[in-house]
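Since the model is a prediction, treat every value here as computed from it, not as a measurement.
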Amino acid sequence: MLEALPHRAAIWNFLFGRLTLDSMPFLKPDLEGRIVLVTFIIVAIGGLAILGAITKARKWGYLWKEWFTSVDHKKLGIMYMILATVMLLRGFADAVMMRSQQAVAFGPHMGYLPPEHYDQIFSAHGAIMIFFVAMTYIVGIMNYVMPLQIGSRDVAFPFLNNLSFWFTFWGAMLFMLSLFLGDFSMAGWLGYPPVSELQQGSGVDYYIWGLQLSGLGTLLTGINFAVTILKLRAPGMTLMKMPVFSWTTLCTSGLIIATFPVLTATLFMLALDRYVGTHFFTTGGGGNVMMYINLIWIWGHPEVYILILPLFGVFSEIVPTFSGKPLFGYSSMVYATVAIMILSYLVWLHHFFTMGSGADVNSFFSLTTMMISIPTGVKIFNWLFTMYRGRIRFTVPMLWTLGFLFTFTIGGMTGVMLSVAPADFLLHNSLFLVAHFHNVIIGGVVFGSFAAVNYWFPKAFGFKLDEFWGKASFWFWQIGFWVAFGPLYILGLMGVTRRLSHFEDPSLQIWFIIAAFGAFLIALGILSFLIQIYVSIVRRKAYAVGHDPWDGRTLEWSTSSPPPDYNFAFIPLVRERDAWTDMKAHGFRRPLDGFNPIHMPKNTATGVVIGVLAFACCFGLIWYIWWLAAASLAGVIAVAIAHTFNYHHDHHIPADEVREFEHAGNWQPETRGVNA
């Protein structure tokens with residue numbers, strides 16, 4: 001009997017690797033286990049309710065055929081934004097837990113989170129918010145809007161677009177799974193060694209493979225968007241007639257193509273250090289920890305501009321539309337965008353002025369950091385000059401834009417403060433830095449994403465979002481941000497460092513309590529946004545609008561709302577920068593005959609299958625289930641090769657079907673009051 005036990009253990013280890021019952025934190029009897037257990041129950045009940053509702057409504061076939069296997073850039077853009085909203089709830093829940101812990105953990109009271117759990121929470125919060133909220137929102141917005149803006153029927157590689165989404169989705173699911181199976185990284189959102197190399201268990205491995213999956217999806221997206229913009233623009237749309245949002249999408253795609261391979265290589269080297277005992281970043285083994293820091297920030301600081309540039313494009317569409325004027329300084333806006341793209345490569349070292357590189361190196365990166373604020377300032381002045389003497393309509397998208405101008409500008413000024421190396425020596429790794437970072441990310445990316453959703457929602461669904469709840473969400477976010485992060489600026493100037501879960505000085509507590517109240521206000525802002533979506537869907541007939549509800553200026557408003565699968569029955573001819581405004585001014589009438597069959601790509605399940613297999617491969621690598629990792633990797637390769645032999649990946653929409661849709665949605669643009 002005793003001889004059989006090692007044999008059984010060997011079989012278990014072969015089948016399940018290091019996965020055991022002890023890997024489930026909700027089975028632990030301590031407070032951490034109870035917190036995870038409650039979370040698990042809530043998620044399980046919510047998930048089962050959603051699955052039950054879909055099953056009861058018999059929508060699985062519809063979802064599979066029309067959404068999961070879709071290669072339509074519009075549907076994929078919507079799915080990206082749904083995923084981002086779900087991950088926002090998870091990431092913000094982590095933020096609330098952090099703020100609650102810091103508000104009570106003083107003196108003898110250690111708070112309710114043990115240090116190792118707190119470290120996992122702040123690491124997960126940062127990684128989720130950057131990779132699966134901010135990145136996913138902007139990719140979704142670019143996916144939906146850009147092909148419509150340039151007069152294209154889809155992106156250059158529709159299948160690749162579907163595959164990119166499923167890589168991102170399953171990367172997010174690895175992060176979510178780490179909550180209930182194993183643990184998560186305690187090395188921060190960038191996984192600095194030696195902590196990431198020394199941490200035992202599955203946490204850092206969840207981090208590595210979740211980011212590798214999503215990073216691969218993002219890289220494929222960048223390639224796809226760059227080719228789309230360069231090759232599929234409507235006739236007459238030269239680069240200098242292209243909408244600014246499409247320009248920012250192009251520059252963002254260039255940054256993605258240049259930087260995400262660096263992230264992939266860096267995480268792969270970290271994985272080799274952990275899995276096979278190499279020493280790329282192990283100082284005692286001949287490696288260099290600072291090489292990791294350099295590499296991760298060579299990706300990481302351009303990533304900040306990957307996040308913000310598309311939202312600069314969003315504001316460049318919203319401000320002219322709601323000011324009733326063309327964008328001031330179009331050419332300077334384009335040149336500023338390109339300048340930011342280039343300069344973003346030359347500032348990464350300002351994240352570690354304190355590493356001892358010397359005065360010359362610090363001076364160079366200090367100057368480049370100050371220089372990059374110049375094209376950003378050009379953009380802000382251009383938006384202000386566009387509004388000057390304009391007929392401003394204070395809609396919800398415009399409110400988010402005005403909130404951005406105020407919040408982001410202050411965040412940018414604190415960034416210039418940190419670019420001064422002597423000041424950075426004092427403020428480095430303090431809560432001042434945390435406040436600055438959130439100042440630009442929330443003020444730019446979050447405000448911009450909500451502005452974009454409110455602006456283009458009627459285009460996607462044919463009805464507007466509720467104004468009252470939209471304004472409530474804006475004000476809760478705007479006030480809540482300053483209540484939450486204003487105290488962190490003060491605490492940072494007092495020398496309080498980041499990542500601490502407990503404090504001895506009781507005089508600091510009032511500031512953390514105020515910050516926690518600010519997080520509560522932001523939570524109300526998120527709740528208001530969800531209510532806004534729900535109320536708008538329930539009242540969609542009352543909120544129904546025409547095809548051009550904002551009196552838009554660019555080509556996406558020249559087609560129906562929502563657009564057909566083929567976007568445009570006839571590819572538009574562009575003569576001016578604001579193509580749709582020009583078409584309306586010249587009495588454009590929508591053609592009602594002369595339709596031809598339209599060539600479009602077919603839906604495919606290959607992206608879903610490859611995504612599931614890639615998820616299984618990463619899961620096997622995380623838990624050392626080597627047979628699963630090898631088999632699923634072989635499956636990915638086999639399915640990808642098989643897909644190359646699929647010669648029936650497109651179809652034609654009959655001319656009669658196009659005619660029927662165009663006649664059913666027959667409308668003519670209102671030429672009165674067209675923006676000059």
Taking [Y]'s backbone N and O only, do any of them form a donor-acceptor pair with [X]'s side chain (distance below 3.5 Å, no angle check)?
X	Y	answer
Q149	P243	no
Q212	T264	yes
S214	L211	yes
N143	G77	no
S632	C617	yes

For the residue pair [X] and [Y], confirm or rule out a side-chain donor-acceptor distance under 3.5 Å.
X	Y	answer
D650	H599	yes
T266	W299	no
T321	Y455	yes
K379	T337	yes

Residues at least two apart in sequence or cross-chain that pass salt bridge (charged side-chain N to carboxylate O under 4.0 Å, His left out) with K74, listed by chain then number, are D72
For R90, the salt bridge (charged side-chain N to carboxylate O under 4.0 Å, His left out) test, sequence neighbours excluded, returns D94
Are the aromatic ring centres of [X] and [Y] under 6.0 angstrom apart?
X	Y	result
F132	Y137	no
Y543	W469	no
F529	F450	yes

Candidate pair T55 and W60, rule side-chain hydrogen bond (donor to acceptor under 3.5 Å, both in side chains), full reasoning = CA-CA 7 Å; T55 304; W60 285 112; 2.9 Å; yes
